[in-house]
Participant: 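Just passing along the structure, written as structure tokens.
For the single chain, residues carry numbers from 1 onward in sequence order. Please read all numbers here as calculations on a predicted model, not as lab measurements.
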Amino acid sequence: MTDTTSGTVRLRATLESVPRYVAGKPATEQPGRTTYKISSNENPYPPLPSVLDVVRDAMQTMNRYPDMGTVELRDAIAERFGVHPDEIATGTGSVGLLGTLLQITCEPGDEVVYAWRSFEAYPIVVGLSGATGVQVPLDGEARHDLSAMADAITERTRLIVVCTPNNPTGPAVHAAELDEFLAHVPRDVLVLLDEAYLEFNRDADAADALAVWRKHPNVAVLRTFSKAYGLAGLRVGYCIAHEQVASALRTAAVPFGVSHIAQRAAIASLAAYDELEERVVALVAERDRLLIGLRDLGYAVPDTQANFVWLPLGDRTLDFAAAAEEAGVVVRPFAGDGVRCSVGEVEATDRLLEVAAAFTATGR
Ligand SMILES: *Cc1c(COP(=O)(O)O)cnc(C)c1O
């Protein structure tokens, strides 16, 4: 929370209720061994050489503003997914777009419905906007409870965020349940499908967000280059939306928010996706090894379709995180609730499984 009363300047009262974003901790160095950061759902692979070449080239013009309309990037995204460039808005990461979505949908006091626990940026961007967050608890399998979310809609609801696969718990929303849910949502309420982890999703029943978007004028899809594409540090994401919403997002965007370097890197990464996909396939295999390993040890890990697993450890959460850090793997604890562990290097998985085995053995 922010203390808005200690200075001389009158700041917005809504700041008091805005939680702070807790970034995943970096790996702490330990003498004599490699340590691993599996706290931020990052791609553990280094940038592709072909992308680095493009970035080096793009640096040459950093005295100039980038293309404000991100025209070539929107064209490349449009071509890849079979949509029109006018149906795309880009932003400084999908979190940047989320903030803009709040600006274009909500007046203070309007309501935003989302599942909880879900992505920690949601309460922050909603709180900052002055809108009211309506958090709907996940069900017993750490999945979105879409019928409870439908019940949470009121006259004041302007935006609903559905995170699929859900960060930090892992499951994806299924096509049939999403269809039924959308039938209950008024047509003037925007439903945002946050698909940050789309590329890792192997659930055959999962909703096809683009097909859903085509069918529903009030649906938009949020995606990022930060995870599967490995560009987290360049801050570029995109929203596929019907023209009215996409155009409003472009109007409200921070001017020149996506750097030239980020634009070129994203275009090069779309072109190199086959190569990136090999890495995604390897990460999915590693995820499944981690999931099975943890379940074999007796942990109640929910299904995961993303590049992380969720350990619902309750009050043992911080103890587990401390044990992992001691062993040289930094995870992301959510105090009192659970631990999110990203899928990283093979050795990181090995190390984490060792920690998990020792943790149960000592009865902690
Ligand atoms: C990581 C993540 C994002 C992506 O954030 P960027 O700002 O694009 O880096 C968006 N949504 C969810 C649910 C995430 O976990």
Participant: Examine distances only and state if a side-chain atom of Arg143 and a backbone atom of Ala172 form a donor-acceptor pair shorter than 3.5 Å.
Facilitator: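 Checking the backbone N and O of Ala172 against the side chain of Arg143, a donor-acceptor pair under 3.5 Å is found.
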Participant: Consider only side-chain heavy atoms of I, L, V, M, F, W and Y, link residues closer than 4.5 Å, and tell whether Val126 and Leu11 are in one cluster.
Facilitator: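 Same hydrophobic cluster.
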Participant: Walk me through whether Glu195 and Cys163 qualify under side-chain contact (heavy atoms from CB on, under 4.5 Å).
Facilitator: CA-CA 6 Å; Glu195 285 202 309; Cys163 187; over 6 Å; no
Participant: If you take all heavy atoms of Gly344 and Leu283, which pair is closest and at what distance?
Facilitator: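 Looking at all heavy atoms of both residues, the shortest contact is O-CD2, 4.1 Å.
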Participant: Using modelled atom types and a 3.5 Å cut-off, is there a donor and acceptor pairing between side-chain atoms of Asn307 and backbone atoms of Asn41?
Facilitator: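 At least one qualifying donor-acceptor pair exists.
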Participant: Checking side-chain contact (heavy atoms from CB on, under 4.5 Å) for the pair Leu192/Val162: CA distance, chi angles, key distance, verdict?
Facilitator: CA-CA 6 Å; Leu192 181 70; Val162 174; over 6 Å; no
Participant: At what distance, to the nearest 0.5 angstrom, does CD1 of Ile104 lie from SG of Cys106?
Facilitator: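 With rounding to 0.5 Å, CD1 (Ile104) is 9.5 Å from SG (Cys106).
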Participant: Would the distance check show the side chain of Ser39 and the main-chain N or O of Val331 forming a donor-acceptor pair, the cut-off being under 3.5 Å?
Facilitator: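 No.
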Participant: Would you kindly confirm whether Val309 and Val329 end up in one hydrophobic cluster when ILVMFWY residues are joined by side chain heavy atoms under 4.5 Å apart?
Facilitator: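 Yes, Val309 connects to Val329 through the hydrophobic network.
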Participant: Just wondering, more than 12 heavy atoms not from Asp315 lying within 6.0 Å of its CG?
Facilitator: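 Open.
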Participant: What verdict does the side-chain contact (heavy atoms from CB on, under 4.5 Å) test give for Asp179 and Phe181, after you've listed the backbone C-alpha separation in whole Å, the side-chain angles of each residue and the deciding distance to 0.1 Å?
Facilitator: CA-CA 5 Å; Asp179 268 356; Phe181 172 70; over 6 Å; no
Participant: I would like to know whether Arg264 and Asp57 meet salt bridge (Lys or Arg N to Asp or Glu O under 4.0 Å); could you show each step before the answer?
Facilitator: CA-CA 9 Å; Arg264 300 318 302 181; Asp57 205 34; over 6 Å; no
Participant: Within the distance-only criterion (no hydrogens, no angle test), does the side chain of Arg250 pair as donor or acceptor with the backbone N or O of Ile88 below 3.5 angstrom?
Facilitator: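 Yes; at least one donor-acceptor contact below 3.5 Å.
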Participant: Consider only side-chain N and O atoms of Asp67 and His260, and report whether a donor and an acceptor are under 3.5 Å apart.
Facilitator: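 On atom types as modelled, these side chains do not qualify, holding no pair under 3.5 Å.
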Participant: What distance do Thr34 atom OG1 and Arg351 atom CZ have between them, rounded to the nearest 0.5 Å?
Facilitator: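 The CZ atom of Arg351 is 7.0 Å from OG1 of Thr34, to the nearest 0.5 Å.
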Participant: Go through the steps to decide whether Val112 and Arg156 satisfy the test side-chain contact (heavy atoms from CB on, under 4.5 Å), and finish with yes or no.
Facilitator: CA-CA 9 Å; Val112 181; Arg156 304 258 9 208; over 6 Å; no
Participant: Taking all heavy atoms of Ala262 and all of Ser259, pick out the closest pair and write down the distance.
Facilitator: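 Closest approach of Ala262 to Ser259, heavy atoms only: N-OG, 2.9 Å.
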Participant: Is the backbone of Gly96 close enough, under 3.5 Å, to the side chain of Thr100 for a donor and an acceptor to pair up by distance?
Facilitator: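 Yes: the side chain of Thr100 pairs with the backbone of Gly96.
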Participant: Is there a side-chain contact between Leu193 and Leu222 (heavy atoms, below 4.5 Å)?
Facilitator: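 Sidechains of Leu222 and Leu193: no contact.
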Participant: Please check if atom CD in Glu141 has more than 12 non-hydrogen atoms from other residues, nucleotides or ligands closer than 6.0 Å.
Facilitator: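 No - once you tally the heavy atoms of other residues, nucleotides and ligands closer than 6.0 Å, there are 12 at most.
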Participant: According to the interplanar angle, ranging from 0 to 90°, do the rings of Tyr273 and Tyr229 count as parallel (below 30°), tilted (30 to 60°) or perpendicular (above 60°)?
Facilitator: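 Judged by the thresholds at 30° and 60°, the geometry between Tyr273 and Tyr229 is tilted.
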Participant: Between OG1 of Thr360 and CG of Leu294, what distance do you get to the nearest 0.5 Å?
Facilitator: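 Here the interatomic distance stands at 10.0 Å.
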Participant: So which heavy atom on Ala327 is nearest to which on Val355, and how close?
Facilitator: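 Smallest heavy-atom distance, with atoms named: CB-CG2, 3.3 Å.
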Participant: Does one hydrophobic cluster hold both Val136 and Val173, with members joined at side-chain heavy-atom distances below 4.5 Å?
Facilitator: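 Yes; tracing contacts between hydrophobic side chains, which count when under 4.5 Å, links both residues.
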Participant: Enter the distance from Asn43:CG to Ser342:OG here, rounded to the nearest 0.5 Å.
Facilitator: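 Asn43 atom CG to Ser342 atom OG measures 10.5 Å (nearest 0.5 Å).
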Participant: Restricting to side chain to side chain contact (heavy atoms under 4.5 Å, CB included), what partner residues turn up for Val346, sequence neighbours left out?
Facilitator: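 Only Glu286, Arg289, Asp350 meet the side chain to side chain contact (heavy atoms under 4.5 Å, CB included) criterion with Val346.
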Participant: Are any side-chain N or O atoms of Thr317 and backbone N or O atoms of Gly338, one a donor and one an acceptor, separated by less than 3.5 Å?
Facilitator: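 Yes: the side chain of Thr317 pairs with the backbone of Gly338.
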Participant: Assess, by modelled atom type and distance only, whether the side chains of Arg117 and Asn166 contain a donor and an acceptor separated by less than 3.5 Å.
Facilitator: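 No, no side-chain donor-acceptor contact under 3.5 Å.
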Participant: Between Ile261 and Met59, what is the shortest heavy-atom contact and its length?
Facilitator: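 It is CD1-CG, 3.8 Å.
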Participant: Is any side-chain N of the basic residue among Glu325 and Lys25 closer than 4.0 Å to the acidic one's carboxylate O?
Facilitator: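 Answer for the salt bridge query: yes.
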Participant: Are Arg316 and Asp319 close enough for a salt bridge, meaning some N to O gap below 4.0 Å?
Facilitator: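 Asp319 and Arg316: not salt-bridged.
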Participant: Cut-off 3.5 Å, no hydrogens considered: what does the side-chain donor-acceptor table look like for residues 232-242, sequence neighbours left out?
Facilitator:
from: Arg235; atom 1: NH1; to: Ala232; atom 2: O; distance (Å): 3.2
from: His242; atom 1: NE2; to: Trp213; atom 2: O; distance (Å): 2.7
from: His242; atom 1: NE2; to: Trp213; atom 2: NE1; distance (Å): 3.3
from: His242; atom 1: NE2; to: His216; atom 2: O; distance (Å): 3.0

Participant: Measuring from atom CG of Leu146 to atom CD of Glu177, what distance do you get when rounded to the nearest 0.5 angstrom?
Facilitator: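 Leu146 CG to Glu177 CD: 5.0 Å, rounded to 0.5 Å.
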Participant: Does the side chain of Gln305 pick up a donor-acceptor pair with the side chain of Tyr197 at under 3.5 Å?
Facilitator: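 Side-chain D/A pair, Gln305 to Tyr197: absent.
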Participant: Tell me if the CD atom of Glu347 is crowded by more than 12 foreign heavy atoms within 6.0 Å.
Facilitator: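 Yes.
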Participant: Establish, for the pair Arg295 and Tyr299, whether the NZ or CZ atom is under 6.0 angstrom from the six-membered ring centre and no further than 45 degrees off its axis.
Facilitator: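 Verdict for Tyr299: no cation-pi partner in Arg295.
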Participant: Taking atom types as modelled, is there a side-chain donor on Glu111 or Thr154 under 3.5 Å from an acceptor on the other?
Facilitator: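 Note: Glu111 and Thr154 side chains meet the donor-acceptor criterion.
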Participant: List the atom of Lys227, the atom of Ser40, and the distance in Å for their closest heavy-atom pair.
Facilitator: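 That closest heavy-atom pairing would be CE-O, 4.5 Å.
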Participant: Could you check if a side-chain atom of Phe225 sits within less than 4.5 angstrom of a side-chain atom of Ser94, using non-hydrogen atoms only?
Facilitator: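 No. Closest side-chain heavy atoms not under 4.5 Å.
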Participant: Counting N and O atoms only, with roles assigned by atom type, does the side chain of Thr70 sit under 3.5 Å from a partner on the main chain of Arg74, one being a donor and the other an acceptor?
Facilitator: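 No; zero donor-acceptor contacts below 3.5 Å.
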Participant: Please answer whether the main-chain N or O of Glu107 pairs with a side-chain N or O of Asp110 as donor and acceptor at a distance below 3.5 Å.
Facilitator: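 Here the side-chain-to-backbone pair exists.
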Participant: Using side-chain heavy atoms (C-beta onward) and a distance below 4.5 Å, is Leu210 in contact with Arg214?
Facilitator: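 Of all side-chain heavy-atom pairs linking Arg214 with Leu210, at least one is under 4.5 Å.
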Participant: Does any non-hydrogen side-chain atom of Leu311 lie less than 4.5 Å from one of Cys341?
Facilitator: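 A side-chain contact exists here, since the closest heavy-atom pair is under 4.5 Å.
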Participant: Do Val134 and Thr157 have side-chain heavy atoms sitting under 4.5 Å apart?
Facilitator: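 The answer is no; the side chains never approach within 4.5 Å.
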Participant: Does any non-hydrogen side-chain atom of Ser269 lie less than 4.5 Å from one of Leu276?
Facilitator: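 Yes, at least one pair of side-chain atoms sits under 4.5 Å.
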Participant: Given 3.5 Å as the limit, does a donor-acceptor pair link the side chain of Arg340 with the main chain of Asn167, or not?
Facilitator: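 No; judged by distance alone, with no hydrogens or angles, the pair does not exist.
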Participant: With a sphere of 6.0 Å drawn around CZ of Arg64, does it hold more than 12 non-hydrogen atoms of other residues, nucleotides or ligands?
Facilitator: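 At most 12 heavy atoms, drawn from other residues, nucleotides or ligands, come within 6.0 Å of this atom.
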Participant: Of the non-hydrogen atoms in Val258 and Thr92, which two are nearest, and what is the gap between them?
Facilitator: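 Heavy atoms only, the tightest pair is CG2-N, 4.1 Å.
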Participant: Can you check whether Pro137 reaches Trp116 side chain to side chain, under 4.5 Å on heavy atoms?
Facilitator: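 No - every pair of side-chain heavy atoms lies 4.5 Å or more apart.
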Participant: Rounded to the nearest 0.5 Å, what separation is found between the CD atom of Glu354 and the CG atom of Leu297?
Facilitator: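 Glu354 atom CD to Leu297 atom CG measures 11.0 Å (nearest 0.5 Å).
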Participant: Has the side chain of Thr14 got a donor or acceptor atom that lies under 3.5 Å from a matching backbone atom of Gly127?
Facilitator: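 Yes.
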